[in-house]
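So you know, we letter chains A, B, ... as the sequences are listed, proteins then strands, and number each from 1. Excluded from the calculations below are hydrogen atoms, water molecules and symmetry mates; all remaining heavy atoms, backbone and side chain alike, are included. Please read all numbers here as calculations on a predicted model, not as lab measurements.
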Protein chains: 2
Amino acid sequence: MEAQTKIEISDAEWEVMRVTWTLGHVTSSQMAEIMAEKMGWKTATVKTLLGRLIKKGALRAEKHGRAFTYYPTVDEQPSMDEAVTTLFGHLCQMRVGQTLTDLVTQLTLSQTDIENLQATLAQKQATAPVTVDCDCLPGDQHC
Amino acid sequence: MEAQTKIEISDAEWEVMRVTWTLGHVTSSQMAEIMAEKMGWKTATVKTLLGRLIKKGALRAEKHGRAFTYYPTVDEQPSMDEAVTTLFGHLCQMRVGQTLTDLVTQLTLSQTDIENLQATLAQKQATAPVTVDCDCLPGDQHC
DNA sequence: CTATATAGTCTACATCCGTAAACATTGAAT
DNA sequence: ATTCAATGTTTACGGATGTAGACTATATAG
(Lines give C-alpha, C1' and ligand atoms only; values in the text may rest on other atoms or scores of the structure.)
Protein backbone atom coordinates (compact mmCIF):
# COMPACT_ATOMS: atom_id res chain seq x y z
CA MET A 1 0.00 0.00 0.00
CA GLU A 2 2.44 2.64 -1.18
CA ALA A 3 4.24 3.63 2.04
CA GLN A 4 4.74 7.14 0.68
CA THR A 5 8.48 7.70 0.45
CA LYS A 6 9.11 9.66 3.64
CA ILE A 7 7.96 13.26 3.54
CA GLU A 8 10.79 15.78 3.86
CA ILE A 9 9.63 19.07 5.35
CA SER A 10 12.02 21.99 5.01
CA ASP A 11 12.53 24.68 7.65
CA ALA A 12 10.26 27.22 5.99
CA GLU A 13 7.65 24.59 5.33
CA TRP A 14 7.87 23.51 8.94
CA GLU A 15 6.63 26.92 10.04
CA VAL A 16 3.59 26.51 7.84
CA MET A 17 2.92 23.08 9.27
CA ARG A 18 3.13 24.32 12.84
CA VAL A 19 0.40 26.84 12.21
CA THR A 20 -1.73 24.30 10.42
CA TRP A 21 -1.33 21.77 13.19
CA THR A 22 -2.21 24.31 15.81
CA LEU A 23 -5.31 25.58 14.04
CA GLY A 24 -6.38 22.24 12.63
CA HIS A 25 -7.18 23.82 9.28
CA VAL A 26 -6.53 27.13 7.56
CA THR A 27 -7.28 29.07 4.43
CA SER A 28 -4.40 30.54 2.49
CA SER A 29 -5.49 34.07 3.36
CA GLN A 30 -5.40 33.25 7.05
CA MET A 31 -2.03 31.63 6.66
CA ALA A 32 -0.74 34.58 4.65
CA GLU A 33 -1.81 36.94 7.38
CA ILE A 34 -0.22 34.85 10.10
CA MET A 35 3.02 34.34 8.26
CA ALA A 36 3.24 38.00 7.32
CA GLU A 37 3.21 38.79 11.02
CA LYS A 38 5.22 35.87 12.28
CA MET A 39 7.82 35.54 9.54
CA GLY A 40 7.51 38.66 7.43
CA TRP A 41 6.70 36.64 4.33
CA LYS A 42 4.86 37.91 1.29
CA THR A 43 1.61 36.27 0.28
CA ALA A 44 3.31 34.71 -2.73
CA THR A 45 5.82 32.97 -0.52
CA VAL A 46 3.08 31.42 1.54
CA LYS A 47 1.30 30.23 -1.58
CA THR A 48 4.46 28.56 -2.80
CA LEU A 49 5.01 26.78 0.48
CA LEU A 50 1.41 25.61 0.70
CA GLY A 51 1.71 24.31 -2.85
CA ARG A 52 4.90 22.44 -2.09
CA LEU A 53 3.43 20.91 1.04
CA ILE A 54 0.41 19.72 -0.93
CA LYS A 55 2.70 18.20 -3.52
CA LYS A 56 4.74 16.51 -0.82
CA GLY A 57 1.59 15.14 0.72
CA ALA A 58 1.95 16.86 4.08
CA LEU A 59 -1.20 18.91 3.52
CA ARG A 60 -4.53 18.24 1.90
CA ALA A 61 -6.75 20.92 0.35
CA GLU A 62 -10.52 20.97 0.33
CA LYS A 63 -12.29 23.41 -1.94
CA HIS A 64 -14.87 25.68 -0.37
CA GLY A 65 -16.25 28.18 -2.85
CA ARG A 66 -13.37 30.07 -4.46
CA ALA A 67 -10.80 29.09 -1.92
CA PHE A 68 -9.25 25.99 -0.44
CA THR A 69 -9.03 25.06 3.17
CA TYR A 70 -5.84 23.26 4.07
CA TYR A 71 -5.58 20.35 6.46
CA PRO A 72 -2.52 18.52 7.70
CA THR A 73 -2.29 14.89 6.56
CA VAL A 74 0.56 14.02 8.89
CA ASP A 75 0.42 14.30 12.66
CA GLU A 76 2.48 16.74 14.62
CA GLN A 77 4.00 14.66 17.37
CA PRO A 78 5.18 11.85 15.09
CA SER A 79 6.65 14.43 12.72
CA MET A 80 8.49 16.11 15.57
CA ASP A 81 9.72 12.80 16.92
CA GLU A 82 11.01 11.84 13.55
CA ALA A 83 12.82 15.11 12.92
CA VAL A 84 14.49 14.84 16.29
CA THR A 85 15.33 11.17 15.91
CA THR A 86 16.87 11.80 12.52
CA LEU A 87 19.08 14.54 13.86
CA PHE A 88 20.26 12.48 16.80
CA GLY A 89 20.99 9.62 14.45
CA HIS A 90 23.63 11.78 12.78
CA LEU A 91 25.42 12.55 16.01
CA CYS A 92 28.22 10.63 17.69
CA GLN A 93 26.42 8.12 19.88
CA MET A 94 29.00 8.54 22.58
CA ARG A 95 27.98 12.15 22.97
CA VAL A 96 24.22 12.07 22.72
CA GLY A 97 23.91 11.81 26.49
CA GLN A 98 25.85 14.99 27.10
CA THR A 99 24.02 16.69 24.28
CA LEU A 100 20.71 15.74 25.81
CA THR A 101 21.78 17.09 29.17
CA ASP A 102 22.90 20.36 27.62
CA LEU A 103 19.59 20.54 25.81
CA VAL A 104 17.51 19.90 28.89
CA THR A 105 19.42 22.60 30.70
CA GLN A 106 18.34 25.10 28.08
CA LEU A 107 14.77 24.10 27.45
CA THR A 108 11.74 25.20 29.39
CA LEU A 109 9.93 22.11 30.60
CA SER A 110 6.75 21.84 32.61
CA GLN A 111 6.48 20.00 35.90
CA THR A 112 4.66 17.23 34.09
CA ASP A 113 7.28 17.03 31.36
CA ILE A 114 9.96 16.64 33.99
CA GLU A 115 8.05 13.95 35.78
CA ASN A 116 7.52 12.00 32.60
CA LEU A 117 11.16 12.26 31.72
CA GLN A 118 12.19 11.12 35.14
CA ALA A 119 9.92 8.13 34.91
CA THR A 120 11.27 7.23 31.50
CA LEU A 121 14.84 7.56 32.68
CA ALA A 122 14.23 5.50 35.78
CA GLN A 123 12.89 2.77 33.59
CA LYS A 124 15.85 2.84 31.23
CA GLN A 125 18.27 2.69 34.10
CA ALA A 126 17.67 -1.01 34.60
CA THR A 127 19.02 -2.00 31.21
CA ALA A 128 21.35 0.90 30.44
CA PRO A 129 24.92 -0.02 29.49
CA VAL A 130 27.84 1.35 31.46
CA THR A 131 29.22 3.16 28.44
CA VAL A 132 28.22 3.92 24.87
CA ASP A 133 30.86 3.72 22.18
CA CYS A 134 31.66 6.27 19.53
CA ASP A 135 30.24 5.28 16.15
CA CYS A 136 31.87 7.90 13.98
CA LEU A 137 34.23 5.56 12.19
CA PRO A 138 33.32 2.56 10.03
CA GLY A 139 33.93 -0.98 11.15
CA ASP A 140 33.30 -1.54 14.82
CA GLN A 141 35.26 -0.31 17.81
CA HIS A 142 37.81 2.30 16.82
CA CYS A 143 38.06 5.37 18.93
CA MET B 1 36.05 40.74 16.59
CA GLU B 2 34.25 39.36 13.54
CA ALA B 3 31.94 36.77 15.09
CA GLN B 4 32.12 34.68 11.90
CA THR B 5 28.60 34.47 10.56
CA LYS B 6 27.50 31.17 12.05
CA ILE B 7 28.91 28.13 10.28
CA GLU B 8 26.23 25.98 8.64
CA ILE B 9 27.27 22.36 8.28
CA SER B 10 25.17 20.23 5.94
CA ASP B 11 24.32 16.57 6.51
CA ALA B 12 27.04 15.22 4.25
CA GLU B 13 29.56 17.65 5.66
CA TRP B 14 28.57 16.59 9.14
CA GLU B 15 29.76 13.07 8.44
CA VAL B 16 33.14 14.44 7.48
CA MET B 17 33.30 16.51 10.64
CA ARG B 18 32.47 13.53 12.84
CA VAL B 19 35.42 11.61 11.50
CA THR B 20 37.70 14.60 11.84
CA TRP B 21 36.59 15.23 15.39
CA THR B 22 37.10 11.63 16.32
CA LEU B 23 40.56 11.36 14.82
CA GLY B 24 41.69 14.87 15.69
CA HIS B 25 43.22 15.34 12.26
CA VAL B 26 43.12 13.52 8.94
CA THR B 27 44.61 13.55 5.48
CA SER B 28 42.29 13.53 2.51
CA SER B 29 43.40 10.04 1.53
CA GLN B 30 42.53 8.73 4.99
CA MET B 31 39.21 10.49 4.85
CA ALA B 32 38.55 9.18 1.35
CA GLU B 33 39.18 5.65 2.51
CA ILE B 34 36.95 6.01 5.55
CA MET B 35 34.11 7.63 3.68
CA ALA B 36 34.33 5.08 0.89
CA GLU B 37 33.68 2.42 3.48
CA LYS B 38 31.26 4.29 5.69
CA MET B 39 29.26 6.21 3.11
CA GLY B 40 30.18 4.71 -0.23
CA TRP B 41 31.44 8.05 -1.51
CA LYS B 42 33.92 8.53 -4.31
CA THR B 43 37.19 10.29 -3.60
CA ALA B 44 36.02 13.31 -5.56
CA THR B 45 33.03 13.69 -3.30
CA VAL B 46 35.21 13.74 -0.23
CA LYS B 47 37.48 16.35 -1.80
CA THR B 48 34.51 18.56 -2.50
CA LEU B 49 33.23 18.30 1.04
CA LEU B 50 36.65 18.96 2.56
CA GLY B 51 36.95 22.00 0.30
CA ARG B 52 33.56 23.33 1.31
CA LEU B 53 34.29 22.83 4.99
CA ILE B 54 37.55 24.73 4.61
CA LYS B 55 35.73 27.54 2.87
CA LYS B 56 33.10 27.60 5.58
CA GLY B 57 35.78 27.73 8.22
CA ALA B 58 34.88 24.48 9.95
CA LEU B 59 38.19 22.89 9.02
CA ARG B 60 41.73 24.17 8.73
CA ALA B 61 44.37 22.63 6.45
CA GLU B 62 48.07 22.42 7.17
CA LYS B 63 50.42 21.52 4.34
CA HIS B 64 52.77 18.62 4.90
CA GLY B 65 54.77 17.85 1.78
CA ARG B 66 52.39 17.30 -1.13
CA ALA B 67 49.31 16.83 0.97
CA PHE B 68 47.31 18.70 3.56
CA THR B 69 46.33 17.51 6.97
CA TYR B 70 42.91 18.70 8.04
CA TYR B 71 42.00 19.85 11.52
CA PRO B 72 38.64 20.89 12.91
CA THR B 73 38.41 24.54 13.89
CA VAL B 74 35.13 24.16 15.72
CA ASP B 75 34.54 21.87 18.67
CA GLU B 76 32.28 18.89 18.52
CA GLN B 77 30.13 19.22 21.60
CA PRO B 78 29.25 22.89 21.03
CA SER B 79 28.44 22.10 17.41
CA MET B 80 26.18 19.26 18.45
CA ASP B 81 24.52 21.37 21.11
CA GLU B 82 23.87 24.08 18.62
CA ALA B 83 22.42 21.79 15.98
CA VAL B 84 20.09 20.29 18.53
CA THR B 85 19.12 23.61 20.07
CA THR B 86 18.33 25.03 16.65
CA LEU B 87 16.07 22.13 15.81
CA PHE B 88 14.18 22.32 19.09
CA GLY B 89 13.78 26.03 18.56
CA HIS B 90 11.65 25.29 15.51
CA LEU B 91 9.31 22.99 17.39
CA CYS B 92 6.13 23.86 19.23
CA GLN B 93 7.30 24.66 22.75
CA MET B 94 4.27 23.02 24.22
CA ARG B 95 5.39 19.71 22.78
CA VAL B 96 9.12 19.68 23.36
CA GLY B 97 8.67 17.83 26.64
CA GLN B 98 6.84 14.94 25.03
CA THR B 99 9.29 14.96 22.16
CA LEU B 100 12.16 14.71 24.56
CA THR B 101 10.52 11.82 26.37
CA ASP B 102 9.93 9.99 23.09
CA LEU B 103 13.55 10.62 22.16
CA VAL B 104 14.92 9.37 25.45
CA THR B 105 12.85 6.24 25.06
CA GLN B 106 14.57 5.52 21.77
CA LEU B 107 18.15 6.47 22.53
CA THR B 108 20.78 4.31 24.11
CA LEU B 109 22.13 6.13 27.14
CA SER B 110 24.84 5.07 29.54
CA GLN B 111 24.31 4.82 33.29
CA THR B 112 26.29 8.01 33.68
CA ASP B 113 24.26 9.82 31.05
CA ILE B 114 21.10 8.86 32.87
CA GLU B 115 22.44 10.03 36.18
CA ASN B 116 23.49 13.36 34.75
CA LEU B 117 20.12 13.83 33.17
CA GLN B 118 18.34 12.98 36.37
CA ALA B 119 20.44 15.47 38.27
CA THR B 120 19.74 18.17 35.71
CA LEU B 121 16.04 17.45 35.79
CA ALA B 122 15.89 17.44 39.56
CA GLN B 123 17.47 20.86 39.53
CA LYS B 124 15.03 22.24 36.97
CA GLN B 125 12.09 20.94 38.91
CA ALA B 126 12.35 23.73 41.45
CA THR B 127 11.66 26.49 38.98
CA ALA B 128 9.71 24.63 36.31
CA PRO B 129 6.35 26.12 35.32
CA VAL B 130 3.18 24.09 35.59
CA THR B 131 2.54 24.31 31.86
CA VAL B 132 4.30 25.55 28.75
CA ASP B 133 2.23 27.35 26.13
CA CYS B 134 2.13 26.71 22.42
CA ASP B 135 4.15 29.30 20.49
CA CYS B 136 3.15 28.37 16.97
CA LEU B 137 1.09 31.45 16.32
CA PRO B 138 2.23 35.07 16.34
CA GLY B 139 1.23 37.43 19.07
CA ASP B 140 1.04 35.85 22.50
CA GLN B 141 -1.38 33.29 23.86
CA HIS B 142 -3.55 31.82 21.13
CA CYS B 143 -4.05 28.13 21.13
C1' DC C 1 -24.24 40.61 -16.79
C1' DT C 2 -19.78 42.88 -15.87
C1' DA C 3 -15.87 44.45 -13.34
C1' DT C 4 -13.00 43.58 -9.51
C1' DA C 5 -10.85 41.56 -5.84
C1' DT C 6 -9.12 37.38 -4.34
C1' DA C 7 -7.24 32.87 -4.56
C1' DG C 8 -4.82 29.58 -7.28
C1' DT C 9 -1.07 28.19 -10.76
C1' DC C 10 3.16 28.98 -13.32
C1' DT C 11 7.58 30.95 -13.74
C1' DA C 12 11.84 32.84 -11.78
C1' DC C 13 16.08 32.83 -9.73
C1' DA C 14 20.11 32.77 -6.75
C1' DT C 15 22.10 29.56 -3.52
C1' DC C 16 22.92 25.25 -1.28
C1' DC C 17 23.49 20.30 -1.47
C1' DG C 18 24.88 15.77 -2.92
C1' DT C 19 27.65 13.73 -6.04
C1' DA C 20 31.39 13.54 -8.97
C1' DA C 21 34.29 14.11 -13.33
C1' DA C 22 37.99 16.80 -15.45
C1' DC C 23 42.06 19.23 -15.12
C1' DA C 24 46.33 20.82 -12.96
C1' DT C 25 50.21 20.45 -9.94
C1' DT C 26 53.91 18.44 -7.56
C1' DG C 27 56.58 15.19 -4.61
C1' DA C 28 58.78 10.97 -5.36
C1' DA C 29 60.58 6.96 -7.80
C1' DT C 30 63.71 5.56 -11.44
C1' DA D 1 65.87 15.01 -15.35
C1' DT D 2 61.38 12.51 -16.60
C1' DT D 3 57.34 10.40 -15.50
C1' DC D 4 53.70 8.72 -12.61
C1' DA D 5 50.73 8.61 -9.05
C1' DA D 6 48.79 11.11 -5.44
C1' DT D 7 46.66 15.51 -4.12
C1' DG D 8 44.54 19.71 -4.76
C1' DT D 9 41.48 22.95 -7.80
C1' DT D 10 37.79 23.91 -11.09
C1' DT D 11 33.70 22.85 -13.27
C1' DA D 12 29.27 20.35 -13.58
C1' DC D 13 24.67 19.31 -12.85
C1' DG D 14 20.10 18.11 -11.27
C1' DG D 15 17.22 18.84 -7.37
C1' DA D 16 15.81 21.37 -3.10
C1' DT D 17 15.10 25.82 -0.78
C1' DG D 18 13.84 30.52 0.27
C1' DT D 19 11.63 34.12 -1.65
C1' DA D 20 8.56 36.15 -4.71
C1' DG D 21 6.52 38.19 -9.19
C1' DA D 22 3.35 37.32 -13.12
C1' DC D 23 -0.52 35.40 -15.02
C1' DT D 24 -5.17 33.25 -14.70
C1' DA D 25 -9.63 31.93 -13.19
C1' DT D 26 -13.69 32.82 -10.66
C1' DA D 27 -16.91 34.15 -6.82
C1' DT D 28 -19.13 38.22 -5.67
C1' DA D 29 -20.51 42.95 -5.55
C1' DG D 30 -23.14 46.22 -8.04
Side-chain angles (χ1 to χ4, degrees), chain A residues 4-20 23 25-71 79 83 86-87 89-90, chain B residues 4-20 25-71 83 86-87 89-90:
Chain A
Q4 98 276 260
T5 334
K6 175 52 61 195
I7 299 177
E8 293 285 344
I9 298 173
S10 76
D11 286 348
E13 289 161 2
W14 190 266
E15 293 301 327
V16 172
M17 291 306 293
R18 287 178 67 177
V19 173
T20 313
L23 297 179
H25 58 82
V26 263
T27 60
S28 62
S29 55
Q30 257 182 298
M31 183 65 79
E33 199 179 317
I34 291 172
M35 294 323 246
E37 184 176 346
K38 191 178 169 192
M39 308 292 291
W41 290 341
K42 297 292 170 64
T43 299
T45 302
V46 175
K47 289 178 182 176
T48 299
L49 294 174
L50 285 172
R52 288 181 183 168
L53 285 167
I54 291 282
K55 187 183 305 179
K56 290 184 179 184
L59 291 180
R60 169 176 66 83
E62 216 170 76
K63 194 149 205 165
H64 288 139
R66 62 259 141 160
F68 284 115
T69 297
Y70 298 85
Y71 300 83
S79 298
T86 298
L87 175 59
H90 290 307
Chain B
Q4 100 274 261
T5 335
K6 175 51 60 198
I7 299 177
E8 293 285 345
I9 299 173
S10 77
D11 286 346
E13 288 160 2
W14 190 267
E15 292 301 326
V16 172
M17 291 305 293
R18 287 179 67 175
V19 173
T20 312
H25 58 83
V26 263
T27 60
S28 62
S29 56
Q30 257 183 299
M31 183 65 80
E33 199 179 316
I34 291 172
M35 295 322 247
E37 185 177 345
K38 192 179 168 190
M39 308 293 291
W41 290 342
K42 297 292 170 64
T43 299
T45 303
V46 175
K47 289 177 183 177
T48 298
L49 294 173
L50 286 172
R52 287 182 184 167
L53 286 166
I54 290 282
K55 186 183 305 177
K56 289 184 179 183
L59 290 181
R60 169 175 67 81
E62 215 170 76
K63 195 150 206 164
H64 288 140
R66 61 259 143 162
F68 284 115
T69 296
Y70 298 86
Y71 301 82
T86 298
L87 175 59
H90 290 307

Original post:
What one-letter contact string describes nucleotides 22-30 of chain D from 5' to 3', where B marks a base within less than 4.0 Å of any protein heavy atom, S marks contact via sugar-phosphate atoms alone, and - marks no contact?
Top reply: -----SS--
Original post:
When you check the phosphate oxygens OP1 and OP2 of C/dG8, does a side-chain N or O of A/Tyr70 lie under 4.0 Å from one of them?
Top reply: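 For A/Tyr70, the contact criterion (side-chain N or O under 4.0 Å from OP1 or OP2 of C/dG8) is met.
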Under a 4.5 Å cut-off applied to non-hydrogen side-chain atoms, are [X] and [Y] in contact?
X       : Y       : result
B/His90 : A/Glu15 : yes
A/Leu59 : A/Phe68 : no
B/Leu49 : B/Trp41 : yes
A/Ile9  : A/Lys56 : no
B/Val19 : B/Gln30 : no

**OP:** Quick one: list whatever passes ring pair (Phe, Tyr, Trp, His ring centres under 6.0 Å) with B/His25, sequence neighbours left out.
**Re:**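 Ring pair (Phe, Tyr, Trp, His ring centres under 6.0 Å) check on B/His25 returns B/Tyr71.
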Quickly work out the [X] [atom1] to [N] [atom2] distance and round it to whole Å.
X       : N      : atom1 : atom2 : result
B/Ile7  : C/dC16 : CD1   : P     : 14 Å
A/Phe68 : C/dT9  : CZ    : C1'   : 10 Å
B/Lys55 : C/dC16 : NZ    : C1'   : 11 Å
B/Ile54 : D/dT7  : CD1   : C1'   : 14 Å

**OP:** Name all pairs fulfilling the ring-ring contact (aromatic ring centres under 6.0 Å, His included) condition that reach into residues 42-63 of chain B, sequence neighbours left out, sorted by first residue then second.
**Re:**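 Output for this query is empty, none listed.
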Write down the protein N/O and nucleotide N/O pairs, taken from nucleotides 17-19 of chain C, whose separation is under 3.5 Å; answer none if there are no such pairs.
| unit_1 | atom_1 | unit_2 | atom_2 | d |
| --- | --- | --- | --- | --- |
| C/dC17 | OP2 | B/Lys56 | NZ | 3.1 |
| C/dG18 | OP1 | B/Asp11 | N | 3.4 |
| C/dG18 | OP1 | B/Ala12 | N | 2.9 |
| C/dG18 | OP2 | B/Ser10 | OG | 2.5 |
| C/dG18 | N7 | B/Arg52 | NH1 | 2.9 |
| C/dG18 | N7 | B/Arg52 | NH2 | 3.4 |
| C/dG18 | O6 | B/Arg52 | NH2 | 3.1 |
| C/dT19 | OP2 | B/Trp41 | NE1 | 3.0 |
| C/dT19 | O4 | B/Arg52 | NH2 | 3.0 |

**OP:** Report the C-alpha separation of B/Glu13 and B/Arg52 in whole Å, then their side-chain angles, then the decisive distance to 0.1 Å, and conclude whether the salt bridge (charged side-chain N to carboxylate O under 4.0 Å, His left out) test is met.
**Re:** CA-CA 8 Å; B/Glu13 288 160 2; B/Arg52 287 182 184 167; 5.1 Å; no
Original post:
Which parts of residues 26-38 of chain B get close to DNA chain C, meaning a heavy atom less than 4.0 angstrom away?
Top reply: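 Output list: empty, so none.
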**OP:** With B/Ser28 as reference, evaluate B/Val46, B/Thr69, B/Thr43, B/Leu50 under the side-chain contact (heavy atoms from CB on, under 4.5 Å) test and give the passing residue.
**Re:**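 It is B/Leu50, the one option of B/Val46, B/Thr69, B/Thr43, B/Leu50 that forms the side-chain contact (heavy atoms from CB on, under 4.5 Å) with B/Ser28.
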**OP:** Please name all residues satisfying side-chain hydrogen bond (donor to acceptor under 3.5 Å, both in side chains) with A/Lys42, sequence neighbours left out, ordered by chain then number.
**Re:**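 Result, side-chain hydrogen bond (donor to acceptor under 3.5 Å, both in side chains) vs A/Lys42: none returned.
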**OP:** Check the pair A/Arg60 / A/Glu62 against salt bridge (charged side-chain N to carboxylate O under 4.0 Å, His left out), numbers first and verdict last.
**Re:** CA-CA 7 Å; A/Arg60 169 176 66 83; A/Glu62 216 170 76; 2.9 Å; yes
